[in-house]
Undergrad: 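Once you've had a glance at the structure underneath, I'll fire off some questions.
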Amino acid sequence: MARKEKKPGETLFEEYYSRCWGDRWPGLRESLFKEIDHYHLSDGLLQPYYLDEASLYPARELDVQPGDEVLDMCAAPGGKSLILATALQGTGSLTVNDLSPDRRRRLKQVMEDHLKPEWRENLRYTGFDGSLWYRHEPSRFDRILLDAPCSSERHVLNSPEHLKKWSPGRIKSLAPRQFALLCSALDAVKPGGLIVYSTCALADEENDLIVERLMKKRKGRFVTEPALFDRGEETRYGRHILPDRDRTGPIYYCRIRRLNGD
Ligand SMILES: C[S@@+](CC[C@H](N)C(=O)[O-])C[C@H]1O[C@@H](n2cnc3c(N)ncnc32)[C@H](O)[C@@H]1O
């Protein structure tokens, strides 16, 4: 029997995202090649840090207050950690974690280059697998930012090498990792505490469907909350900032509150 010819990554990518986004896909695809609006993060920093404007929102939605115990579970290279550190101004604690040693080195450099020494005193650098956090420090944090590893379609589309190798298997292998990280965050946040789950993915499987799965598997332990800022588009559980309409993103985020008494 003749072996079925494997489709090239470019074709699989197009088929997959056309199916997800329908008529909107050609415009959305085109917007992923365009320059995006950059934001100069500078308030209280030693020097400005440039990041995609949409990236501000997951960190801001965590609504960090002075004195909070905060975990940035997947922190490198550190743009969002700078926003969290700025909100704390050296009070409480900020644990900046990343599994990759190389990226962790970059994260440390970013923190040292941008934060004044007194805003670094409350920092703790760690290199754990976030999906196992719940074993070591259950119910420890007031707030957790989970900016999960994701498909990053903007990057794939702009890299012929990655596009050639793309298959839906990429999403299938990322989604369980994202889900495990989110379950762990739910156990690591205090009852009554807040998690912001975010990705830079376009695929629903990495965004709302991860939250939906948590609703099924951890029923009654949390609620999703409306976003504080009216940016991007509302989704079933969170918001999605997309570059065809907002000239920034993609960034998805959802606010998840662990229930008191859990
Ligand atoms: C989307 S990036 C984070 C970007 C970062 N929040 C920022 O704003 O600069 C995802 C990060 O997750 C890290 N990562 C992947 N799997 C992880 C795991 N199981 N535990 C902790 N970090 C992980 C990757 O090394 C990568 O740096």
Side-chain angles (χ1 to χ4, degrees), residues 36 38-41 45 48-62 64 70-88 94-115 123-137 140-141 143-156 158-159 162 170-189 195-203 205-207 210 238 240-241 248-254:
I36 44 179
H38 276 95
Y39 186 86
H40 302 192
L41 202 61
L45 300 183
Y49 184 89
Y50 300 90
L51 78 176
D52 175 6
E53 196 248 341
S55 293
L56 299 171
Y57 289 89
R60 285 180 173 169
E61 289 286 350
L62 201 58
V64 167
V70 183
L71 168 63
D72 191 348
M73 196 179 252
C74 298
K80 298 182 190 73
S81 307
L82 289 177
I83 301 172
L84 305 178
T86 304
L88 288 172
L94 175 58
T95 302
V96 285
N97 180 68
D98 203 281
L99 190 56
S100 153
D102 284 347
R103 289 177 66 91
R104 228 162 38 238
R105 266 190 290 279
R106 168 108 176 87
L107 170 67
K108 194 153 194 232
Q109 197 62 55
V110 167
M111 296 292 116
E112 283 173 9
D113 289 347
H114 294 83
L115 293 176
L123 285 186
R124 175 170 70 137
Y125 295 94
T126 54
F128 300 127
D129 178 346
S131 62
L132 303 178
W133 205 288
Y134 69 102
R135 290 190 190 167
H136 311 297
E137 294 186 319
R140 154 93 198 253
F141 298 97
R143 309 201 179 223
I144 298 179
L145 177 62
L146 170 51
D147 188 27
C150 71
S151 284
S152 195
E153 292 89 347
R154 176 187 288 285
H155 176 69
V156 173
N158 283 279
S159 156
H162 284 98
R170 186 175 159 83
I171 295 172
K172 296 242 167 321
S173 73
L174 277 163
R177 287 169 60 197
Q178 292 158 340
F179 182 67
L181 285 162
L182 186 53
C183 288
S184 179
L186 186 62
D187 288 332
V189 79
I195 301 166
V196 170
Y197 172 72
S198 73
T199 76
C200 61
L202 284 177
E205 278 93 330
E206 299 181 54
N207 297 333
I210 298 292
H240 215 174
I241 305 176
T248 179
I251 289 284
Y252 166 88
Y253 49 91
C254 175

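We count ligands from 1, going down the list as the structure has it; atoms in each ligand are counted the same way.
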Undergrad: Calculate, to the nearest 0.5 Å, the distance between atoms NE2 and CD1 belonging to His240 and Ile251 respectively.
TA: 8.0 Å

Undergrad: Considering distance alone, does some N or O of Tyr49 sit under 3.5 Å from an N or O of ligand 1?
TA: no

Undergrad: At less than 4.0 angstrom from any non-hydrogen atom of Phe128, what atoms of ligand 1 do you find?
TA: 20 (N), 21 (C)

Undergrad: Do we see a donor-acceptor contact under 3.5 Å between the side chains of Asp129 and Ser131?
TA: yes

Undergrad: Less than 3.5 Å between some nitrogen or oxygen of Asp129 and one of ligand 1, yes or no?
TA: yes

Undergrad: For the OG1 atom of Thr95 and the CG atom of Asp72, what is their distance to the nearest 0.5 Å?
TA: 9.5 Å

Undergrad: At a non-hydrogen distance cut-off of under 4.0 Å, which region of Ala75 contacts ligand 1 (side chain, backbone, both, or neither)?
TA: backbone

Undergrad: Between Ser152 and His155, does any side-chain donor sit less than 3.5 Å from a side-chain acceptor?
TA: no

Undergrad: Would you say Gly79 and ligand 1 have an N/O pair spaced under 3.5 Å apart?
TA: yes

Undergrad: I need the atoms of ligand 1 closer than 4.0 Å to a non-hydrogen atom of Met73, numbered in the order shown.
TA: 21 (C), 22 (N)

Undergrad: Do the side chain of Asp52 and the main chain of Gly249 share a donor and acceptor less than 3.5 angstrom apart?
TA: yes

Undergrad: Identify which of Asp98, Leu181, Asp72 has a heavy atom lying nearest to atom 11 (C) of ligand 1.
TA: Asp98

Undergrad: Against heavy atoms of Arg177, which atoms of ligand 1 measure under 4.0 Å?
TA: 16 (N)

Undergrad: I'd like to check which ligand 1 atoms, numbered from 1 as shown, lie under 4.0 Å from a non-hydrogen atom of Lys80.
TA: 7 (C), 8 (O)

Undergrad: In the protein, which heavy atom is nearest to atom 4 (C) of ligand 1, and how far is it?
TA: Ala76 O, 3.0 Å

Undergrad: Hey, which atoms in ligand 1 end up nearer than 4.0 Å to a heavy atom of Gly130?
TA: 18 (C), 19 (N), 20 (N), 21 (C)

Undergrad: Of the protein's non-hydrogen atoms, which lies at the shortest distance from atom 10 (C) of ligand 1, and what is that distance?
TA: Asp147 O, 3.6 Å

Undergrad: How long is the span from the OH atom in Tyr50 to the OG atom in Ser55, to the nearest 0.5 Å?
TA: 15.5 Å

Undergrad: Nearest protein heavy-atom contact for atom 22 (N) of ligand 1: which residue, which atom, what distance?
TA: Leu99 N, 3.3 Å

Undergrad: Is it the side chain, the backbone, both or neither of Arg103 that has a heavy atom closer than 4.0 Å to ligand 1?
TA: side chain

Undergrad: Which ligand 1 atoms, with their elements, are less than 4.0 angstrom from a heavy-atom of Gly78?
TA: 7 (C), 9 (O)

Undergrad: With rounding to the nearest 0.5 angstrom, report the CG to SG distance, Leu181 to Cys74.
TA: 5.0 Å

Undergrad: Would you mind finding which of Ala148, Cys74, Ser100 brings a heavy atom closest to atom 1 (C) of ligand 1?
TA: Ala148

Undergrad: Heavy-atom contacts with Asn97 under 4.0 Å: which atoms of ligand 1 show up? List them by number with element.
TA: 21 (C)

Undergrad: Measure the CZ-CG distance between Arg143 and Leu84 for me, rounded to the nearest 0.5 Å.
TA: 10.5 Å

Undergrad: Considering Ser55, Ser152, Pro149 one by one, which has a heavy atom nearer to atom 16 (N) of ligand 1 than any of the others?
TA: Pro149

Undergrad: Nearest 0.5 angstrom please: Ser100 OG to Arg105 CZ, how far?
TA: 8.0 Å

Undergrad: For Gln178 and Thr199, does a side-chain donor sit closer than 3.5 Å to a side-chain acceptor?
TA: no

Undergrad: Just say parallel, tilted or perpendicular for the rings of Tyr253 and Tyr57, cut-offs at 30° and 60°.
TA: parallel

